Number of protein chains: 4
Amino acid sequence: MPRYSGDVIRSEAATPGRPRSEAARLAVLHAVDDLLLEQGYAAMTMKGIAERAGVGRQTVYRWWSTKAEILIEATATDARDELVAPVRRSARAELISFLELLARFLTVSPAGLAYRALLGEAQHDAEVAGLLIDTDPLTEAARVVLDRIRPELSRMPDDDLAVAELVGPVIYPILARRGVDHATMIRRQADSLLARWGRT
Amino acid sequence: MPRYSGDVIRSEAATPGRPRSEAARLAVLHAVDDLLLEQGYAAMTMKGIAERAGVGRQTVYRWWSTKAEILIEATATDARDELVAPVRRSARAELISFLELLARFLTVSPAGLAYRALLGEAQHDAEVAGLLIDTDPLTEAARVVLDRIRPELSRMPDDDLAVAELVGPVIYPILARRGVDHATMIRRQADSLLARWGRT
Amino acid sequence: MPRYSGDVIRSEAATPGRPRSEAARLAVLHAVDDLLLEQGYAAMTMKGIAERAGVGRQTVYRWWSTKAEILIEATATDARDELVAPVRRSARAELISFLELLARFLTVSPAGLAYRALLGEAQHDAEVAGLLIDTDPLTEAARVVLDRIRPELSRMPDDDLAVAELVGPVIYPILARRGVDHATMIRRQADSLLARWGRT
Amino acid sequence: MPRYSGDVIRSEAATPGRPRSEAARLAVLHAVDDLLLEQGYAAMTMKGIAERAGVGRQTVYRWWSTKAEILIEATATDARDELVAPVRRSARAELISFLELLARFLTVSPAGLAYRALLGEAQHDAEVAGLLIDTDPLTEAARVVLDRIRPELSRMPDDDLAVAELVGPVIYPILARRGVDHATMIRRQADSLLARWGRT
DNA sequence: CTCTAACCGAGACGGTACGTCACGTCTTGAG
DNA sequence: CTCAAGACGTGACGTACCGTCTCGGTTAGAG
């Protein structure tokens, strides 16, 4: 079970020269993981990452351009894993489970903190925005859940609209406020969506 | 009509020494406004702000600690002004008007870009998070609208929950995706809320 | 007995406006004295002097241009007082007394430390050099001694040459070396001069 | 023939990482040389040196702590070269040659100006004092001359005393006065020393 | 079994922003 | 007109990190 995305070997082309060191790659990814928790995103530096990983500075730059890029690679797999919602009997239970997962992910999980940091950076860095949108694990996970319960909810809109209606009210207060009561919010939100999307 | 928050006279205490230069204060606030549009938040520097304002570096640091602080002071009034929703006949029209205002604010207005940049910074800088939350013009504006239509919507939750349900689905795709169709989303969102919150 | 040069009132012209505050002047001079000992010449600043004196910064600049100027005014009188050589029976005793006075002045006395600091500053600041030369208390004191013993020493050169021969060998090692044995040096120096300048 | 002290190869240890740039080192030393003449010691700044040398600021700080340290390295070799006294037939000629060399060095040579600036700085900066004393080219040169003529002068004291008697009367007026007539002073000084130190 | 090419660590390089400090000037109200 | 206070524009300080470069040394497949 690969810890990091890309752990599967990428190419078989038998390139000449010394092959890329998997040890160095993992050291960098782990270093980023650790530093994010210890110092936070803003205080992380490329220099610090290289030193913590015991790796040359050039080696980092050879494979990644920015700390955002490394962080995405380092946390993508974790994020995806943590956002796999368990299968439930009812649509309501599905929604509640997923939203609770989501709230926990964003407020507690290291991968979730990374996601928020990246989402933040994306607001003033177009390149990060591009990277993040292409690999957004959150939207992906939401879609899985929605697909699962769509048969029961005939009036559910598709695609991005449904995702936004589902995820927005939970994620917004987490990004913009402090100390939100998720539990209540989540139940209300689920009921609201069921009423709007439901069969009748 | 004051352009910047704090334009109202502050104190009459007759402090000793040379009084603070209003010209310098305004020059800095305008410089931040300009630089945000020209270079973006990330590329803005305290040095650059001081130089653009034609002001000493120390003068900037004397009154503000970070570029986030300046940006908040520079855009707070504009943000508040731009988010004043017009009074409409029906609750639905009120909601749609406000959400359209909000979407336009976040995607087009300089003050809105500033808000997004600050919200982004808040994800990895606790101090900015504190500042932003205390002065959040968006939540404030949402509350005004909600208070106005509350009489018609007996099942509307109060406070933060209602704000999140109203604002979240619109703001989330703007922060996390590209090229969203706001118009459709907004109408759906308004109807969804009316159905959930409505009298009968 | 005035503590500082210039303590005597300078003008009687009955100028209009508020007269100069003698209290402020003395506070500045004392502050410079204190700071020289506490922090050394290099660490002293105009700002620090004003604060220590409890005086406005402008008040300092109104009356002095540089810290060197203040220091000269603050120490000139002390320096002159400390370099008054006692009258002795023989030329040899006169010389030895004066040279010992000189060595003590330069290595121990606050005024002597100030003199060395100023002499140092004069090496890379022409303005200080000018001020110092015009008021040099050391040369002045040496001349007094030499005049006193000149009758006994028919071959003594006059003016600057004699001063240099007398003072140079003592002051040079103090400026350019560490931990010199002055006592021996001084006796040798006195004998050397007597032999050279002496009657027969 | 090495232009700067330290031009001799330092070590062969094969340290890891990119080796120090000799070009940068020389650029800094030349910049200091130039700036000393153009602006004087007091007006020289670390920033100015780096810019003149076309070198990063950090590169300067990496190898030197203060401008004094750079100046010592930049002028030590020149100073030593310029103070090599020619061999003469008589002790008197030796002394006169050396003292003339010395006077010229201190009043005309760039290296001599540097020496005076450093000697000045040493009066109020203990660290500079330490550096200067350890490498003092002037004392060194004086000792060479004195050793050469010592056989002829049986009563010459040794070490520091002799150096002070030789050098002090010449250097003192240069430091503390303006426009001295060196030629006369030097001949008198030489005769005085010969009389005192001479055989009989 | 050498050759070649790309990798690796280390760390110096030219830049540039940081936040602080002192400079010397100015602008208040009070004496 | 002076005084204390303190804000002003200027510019150097020493530090940190940027992304690039240049070393010696390693590690593979190709000849």
Side-chain angles (χ1 to χ4, degrees), chain A residues 14-21 23-24 27 43-51 53-63 65-67, chain B residues 14-25 27 43-51 53-63 65-67, chain C residues 15-21 23-25 27 43-51 53-63 65-67, chain D residues 14-25 27 43-51 53-63 65-67:
Chain A
T15 47
R18 177 176 179 174
R20 174 174 184 184
S21 158
M44 257 175 46
T45 66
M46 293 296 259
K47 187 170 183 267
I49 293 166
E51 275 167 10
V55 140
R57 214 117 72 81
Q58 195 60 249
T59 299
V60 179
Y61 282 108
R62 201 176 350 255
W63 303 109
S65 300
T66 63
K67 58 178 176 173
Chain B
T15 48
R18 179 175 176 173
R20 174 173 183 183
S21 158
E22 186 64 12
R25 176 172 163 270
M44 257 175 46
T45 66
M46 292 296 259
K47 188 171 185 271
I49 293 166
E51 277 168 8
V55 140
R57 212 121 68 84
Q58 194 61 243
T59 297
V60 179
Y61 282 108
R62 201 178 346 257
W63 303 110
S65 299
T66 62
K67 58 178 177 174
Chain C
T15 48
R18 178 174 176 176
R20 173 174 185 182
S21 157
R25 178 172 162 270
M44 257 175 46
T45 66
M46 293 297 259
K47 188 172 182 266
I49 293 166
E51 276 167 10
V55 141
R57 215 117 72 77
Q58 194 60 249
T59 300
V60 179
Y61 283 108
R62 201 173 352 254
W63 304 109
S65 300
T66 63
K67 59 178 176 175
Chain D
T15 48
R18 178 174 177 174
R20 175 173 184 182
S21 158
E22 186 64 12
R25 176 172 164 270
M44 256 174 48
T45 66
M46 291 296 259
K47 186 172 187 268
I49 293 166
E51 276 167 9
V55 141
R57 212 121 69 83
Q58 195 61 245
T59 298
V60 179
Y61 283 109
R62 197 174 356 254
W63 303 109
S65 299
T66 61
K67 58 179 178 175

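Note that the structure is predicted; figures quoted are calculated from it, not measured. Order of the sequence lines fixes the chain letters, A, B, ..., with proteins taken first and strands second; residue numbering starts at 1 for each chain. Basis for what follows: all heavy atoms, side chains included, without hydrogens, waters or symmetry-related copies.
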Quiz prompt | Protein proximity profile, nucleotides 26-31 of chain E - base contact B, sugar-phosphate-only contact S, no contact -, cut-off 4.0 Å on heavy atoms | solution = BBB-BB
Quiz prompt | Nearest-angstrom distance from the residue atom CD of D/E22 to C1' of E/dC13 | solution =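 Between C1' of E/dC13 and CD of D/E22: 15 Å.
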Self-check item: Separation of atom CD in C/E51 from atom P in E/dC21, rounded to whole Å
Solution: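 Value for this atom pair: 11 Å.
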Exercise. Please work out if A/G54 contacts a base, only the sugar-phosphate, or nothing of the nucleic acid, heavy-atom cut-off 4.0 Å.
Key: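 Here A/G54 touches the backbone only, sparing every base.
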Nearest to the side chain of [X], which nucleotide is it out of [options]?
X	options	value
C/T45	F/dG9, E/dC23, E/dC13	E/dC23
D/S21	E/dG14, E/dC13, F/dC8	E/dC13
B/M46	E/dA12, E/dG24, E/dG19	E/dG19
A/Y61	F/dT20, E/dG14, E/dA22	F/dT20

Exercise. Decide yes or no for A/V60 and A/R57: does some side-chain heavy atom of the first lie under 4.5 Å from some side-chain heavy atom of the second?
Key: no
Quiz item: Just to confirm, is there a sub-4.0 Å distance from OP1 or OP2 of E/dA6 to any side-chain nitrogen or oxygen of A/W63?
Solution: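 For E/dA6, OP1/OP2 do not have a side-chain N/O of A/W63 under 4.0 Å.
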Exercise. Please tell me which of B/A24 and A/M44 maps to the more 5' nucleotide of DNA chain F, matching each residue to the nucleotide holding its nearest heavy atom.
Key: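 The answer here is B/A24.
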Exercise. Determine, for B/W63 and B/R25, whether the Lys NZ or Arg CZ falls below 6.0 Å from the six-membered ring centre while staying within 45 degrees of the axis.
Key: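 B/R25 over B/W63 ring: no.
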